[in-house]
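So that the names make sense, note that chain A is the first sequence line, chain B the second, and so on, each numbered from 1.
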Amino acid sequence: MRKINNNLSDKIRDEIINFIEPDIYYCYQCGRCTAGCPLANVYEYQPNQIIRLVQANEINSIFDSNSIYLCLSCEICSSRCPQGIDIAAIMSYLRIKSWENRSFKEKLIAEFYKAFLKIIGIFGRSYEPGLILNLNLVSGKFFNDMDLALNILRKRKIKLFPEFVKDRKKLSRVVKKYL
Amino acid sequence: MKKEMEKFQEDIQLGKIAYFPGCSLNSTAMDFNVSLKNLLKFLNVEFEEIDDWNCCGTTPAHNVSEELSIILSARNLLLAKKMDYENILCPCVSCYCRLLIASKVINSNIEPENKMQESKRNLVLEELKNMGFDINQKLDFRVYSIVQFLLLIKEKIRNKYIEVKDEINNSREIMLLKSLKPVCYYGCVLLRPGYVTKFDNIENPTSMENVLKEVGIKSLNFSFKTECCGAILSLTNKNIVIELSEKILNAAQDSGANCIIVCCPLCQQNLDLRQSQINKYYKSNYKIPVFYISQILGLALGLSFKNTMIDKLFVKPDIRI
Ligand code: SF4
Ligand code: SF4
């Protein structure tokens with residue numbers, strides 16, 4: 001993983017403190033966020049630990065663990081925090097910062113995002129067959145989910161050919177900026 | 001809030017709702033799309049698909065850049081505006097969240113809360129302007145999820161049901177419905193806070209049940225209504241989805257249900273399409289059909305298996321279709 005320097009780490013922490021309401025120092029480590037998180041048992045750091053790590057300015061440790069990448073943005077944590085802390089928004093924010101600094105640790109997820117956005121850049125709409133093919137090539141597991149793919153084809157529950165947005169030129173230009 | 005509802009109902013009577021299907025409904029969730037469109041037509045709810053709509057960017061865009069996610073979604077809103085619509089129906093829960101957030105950023109009456117939000121808003125508006133949209137006009141978008149929308153047209157559903165009830169009594173479709181003991185599954189994001197108008201309880205919602213009651217369908221209690229199925233991790237971290245979705249199937253079975261009614265394409269896929277993988281992995285024997293709420297409502301009002309696309313389910317109900 002690409003480490004970020006201290007200045008940037010400070011900046012990320014400060015932005016979280018200044019712009020995401022309420023103040024993360026209200027967290028009293030009750031662990032309710034973690035108790036409801038569907039991914040707690042696969043996370044390397046739990047949601048309450050992430051909050052603590054931000055307070056301690058350990059942004060690199062967060063970028064280097066799987067939690068922010070796997071987070072589903074389901075918001076169970078935020079909705080249940082007795083202090084009203086928006087943990088999900090903080091996770092999202094950290095994830096975006098990690099992407100911007102090319103520190104994304106979960107490589108397959110990063111590849112998926114890239115492939116997806118590339119397809120949107122080309123067609124303007126998603127195109128599943130292209131996406132899955134791309135992903136299976138990258139992961140080297142070419143036969144991943146072949147059983148399901150066959151089922152889907154048998155039922156014709158998919159569009160085999162991509163659809164194009166007519167006015168997609170300007171759209172593509174914007175998407176490319178973020179790739 | 002109440003006022004908003006009233007205004008909305010007026011709009012619907014005037015036949016003013018734009019329909020944003022999104023990529024899932026256009027492809028792997030075509031059964032949701034077709035059954036919902038047929039249901040709305042049958043109820044005389046007028047709607048029009050947004051012309052030349054694009055992908056909302058869903059999780060990948062949102063996880064890479066908030067601005068990108070908002071720009072992609074806002075383009076669809078502004079296309080609707082060009083067709084003279086400001087009420088948008090987004091059946092797909094993921095699209096709904098993205099379009100809703102975009103509306104909260106570009107609507108004219110929104111004041112950014114801090115500098116970061118303000119610069120984000122300006123950047124988004126600038127890009128939209130570059131795309132050729134008029135961003136100086138007054139914008140007042142209201143984005144509706146499928147469940148909210150069904151609640152709003154509840155009366156129409158009730159009246160139609162009373163009208164057709166006696167004619168359709170002996171059809172195979174109704175036989176199927178009579179054999180069902182459903183639980184309603186809302187999934188994780190539909191009702192979560194932050195950006196959602198709180199039209200229902202977050203921890204124990206009942207709006208799907210309430211709509212289904214109008215057509216005489218009773219659902220069982222279910223403690224997993226808003227647990228997460230693993231959503232889009234199905235493409236990259238399959239094992240997590242298999243584990244989470246198994247828990248939901250298991251809980252449904254424990255509640256005494258023989259089917260699940262859902263309102264989100266990703267939930268439907270993870271529970272239905274992946275059920276065979278779940279069974280293989282856990283050596284279990286689940287055989288729980290997972291219907292879209294639009295399919296069940298359609299059947300209850302007399303639409304055929306064909307018009308509700310029941311044959312597209314991977315786990316088939318017990319009746320021959
Ligand atoms: S629920 Fe809120 S207060 Fe409790 S540990 Fe999590 S973030 Fe801190
Ligand atoms: S939003 Fe992320 S961290 Fe919060 S409960 Fe959901 S998966 Fe866990």
Side-chain angles (χ1 to χ4, degrees), chain A residues 15 18-19 21 38-39 42 69-70 72-76 78-80 86 88-89 92-93 95-96 99-100 106 108-109 111-114 116-117 119-120 123-128 131-132 135 139 144-145 147-148 151-152 155 157-159 163 165-168 170-171 173-175 177-179, chain B residues 23-24 26-31 52-55 57-68 71-72 75 97 113-117 127 130-132 187-189 191-194 202-203 226-238 240 243-244 273-274 276-277 280 311-312 314:
Chain A
E15 281 182 351
N18 291 334
F19 296 125
E21 295 280 331
L39 297 181
V42 292
Y69 311 106
L70 293 180
L72 291 153
S73 300
C74 74
E75 303 214 17
I76 289 178
S78 305
S79 76
R80 293 188 184 164
D86 197 348
S92 274
Y93 182 79
R95 186 166 48 230
I96 289 173
W99 178 271
E100 284 172 8
E106 292 285 318
L108 189 57
I109 295 183
E111 290 301 337
F112 165 50
Y113 292 171
K114 257 187 236 158
F116 190 92
L117 293 174
I119 284 176
I120 306 295
F123 304 119
R125 290 185 188 171
S126 165
Y127 173 54
E128 286 101 348
L131 182 65
I132 310 258
L135 212 59
S139 67
N144 186 26
D145 278 346
D147 49 337
L148 302 190
N151 283 345
I152 291 176
K155 279 215 185 275
K157 214 181 164 184
I158 197 162
K159 288 234 164 105
E163 279 182 10
V165 167
K166 278 175 257 144
D167 186 20
R168 62 184 176 278
K170 293 174 201 141
L171 197 68
R173 194 179 41 76
V174 177
V175 175
K177 271 193 204 169
Y178 292 91
L179 266 176
Chain B
C23 302
S24 290
N26 202 27
S27 176
T28 47
M30 52 174 71
D31 35 0
D52 208 32
W53 57 268
N54 62 274
C55 172
T58 181
T59 308
H62 165 245
N63 282 356
V64 162
S65 149
E66 226 187 315
E67 291 88 344
L68 176 61
I71 295 166
L72 288 173
R75 178 178 179 272
C97 289
E113 273 167 31
N114 54 42
K115 261 200 285 179
M116 193 159 92
Q117 280 185 15
E127 286 290 357
N130 291 341
M131 284 181 175
C188 58
V189 284
L191 301 155
R192 295 285 162 209
I202 298 168
E203 297 289 349
T226 64
E227 292 300 316
C228 180
C229 68
I232 203 150
L233 284 181
S234 57
L235 289 179
T236 50
N237 305 63
K238 192 164 88 185
I240 295 178
E243 200 186 312
L244 294 176
L273 173 62
R274 280 193 194 272
S276 59
Q277 284 186 342
K280 217 183 269 168
D311 63 315
K312 295 284 178 195
F314 291 100

Derivation and outcome, side chain to side chain contact (heavy atoms under 4.5 Å, CB included), residues Leu233(B) and Leu72(A):
CA-CA 8 Å; Leu233(B) 284 181; Leu72(A) 291 153; 3.6 Å; yes
Largest heavy-atom contact set with chain A, pairs under 4.5 Å, which of [options]:
{"options": "Ala29(B), Gly132(B), Cys188(B)", "value": "Cys188(B)"}
{"options": "Lys115(B), Gln277(B), His62(B), Glu243(B)", "value": "Gln277(B)"}
{"options": "Val64(B), Asn237(B), Thr58(B)", "value": "Val64(B)"}

Enter the distance from [X]:[atom1] to [Y]:[atom2] here, rounded to the nearest 0.5 Å.
{"X": "Ile240(B)", "Y": "Leu70(A)", "atom1": "CD1", "atom2": "CG", "result": "5.0 Å"}
{"X": "Ile109(A)", "Y": "Thr236(B)", "atom1": "CD1", "atom2": "OG1", "result": "4.0 Å"}
{"X": "Leu68(B)", "Y": "Ile120(A)", "atom1": "CG", "atom2": "CD1", "result": "9.5 Å"}
{"X": "Phe112(A)", "Y": "Thr59(B)", "atom1": "CZ", "atom2": "OG1", "result": "7.0 Å"}
{"X": "Cys55(B)", "Y": "Phe123(A)", "atom1": "SG", "atom2": "CZ", "result": "12.5 Å"}

Measuring only between side-chain heavy atoms, which start at C-beta, is [X] closer than 4.5 Å to [Y]?
{"X": "Trp53(B)", "Y": "Arg125(A)", "value": "yes"}
{"X": "Tyr178(A)", "Y": "Ile71(B)", "value": "yes"}
{"X": "Leu39(A)", "Y": "Leu244(B)", "value": "yes"}

Please classify the contact of Gln117(B) with chain A as side chain, backbone, both or neither, using a heavy-atom distance under 4.5 Å.
neither
Contact part of [X] toward chain B, heavy-atom cut-off under 4.5 Å: side chain, backbone, both or neither?
{"X": "Val165(A)", "result": "both"}
{"X": "Arg80(A)", "result": "side chain"}
{"X": "Lys177(A)", "result": "side chain"}
{"X": "Ser126(A)", "result": "both"}

What residues form a side-chain contact (heavy atoms from CB on, under 4.5 Å) with Leu171(A), not counting sequence neighbours?
Asn54(B), Leu72(B), Arg75(B), Met131(B)
List the atom of Tyr113(A), the atom of Asn63(B), and the distance in Å for their closest heavy-atom pair.
OH-ND2, 2.7 Å
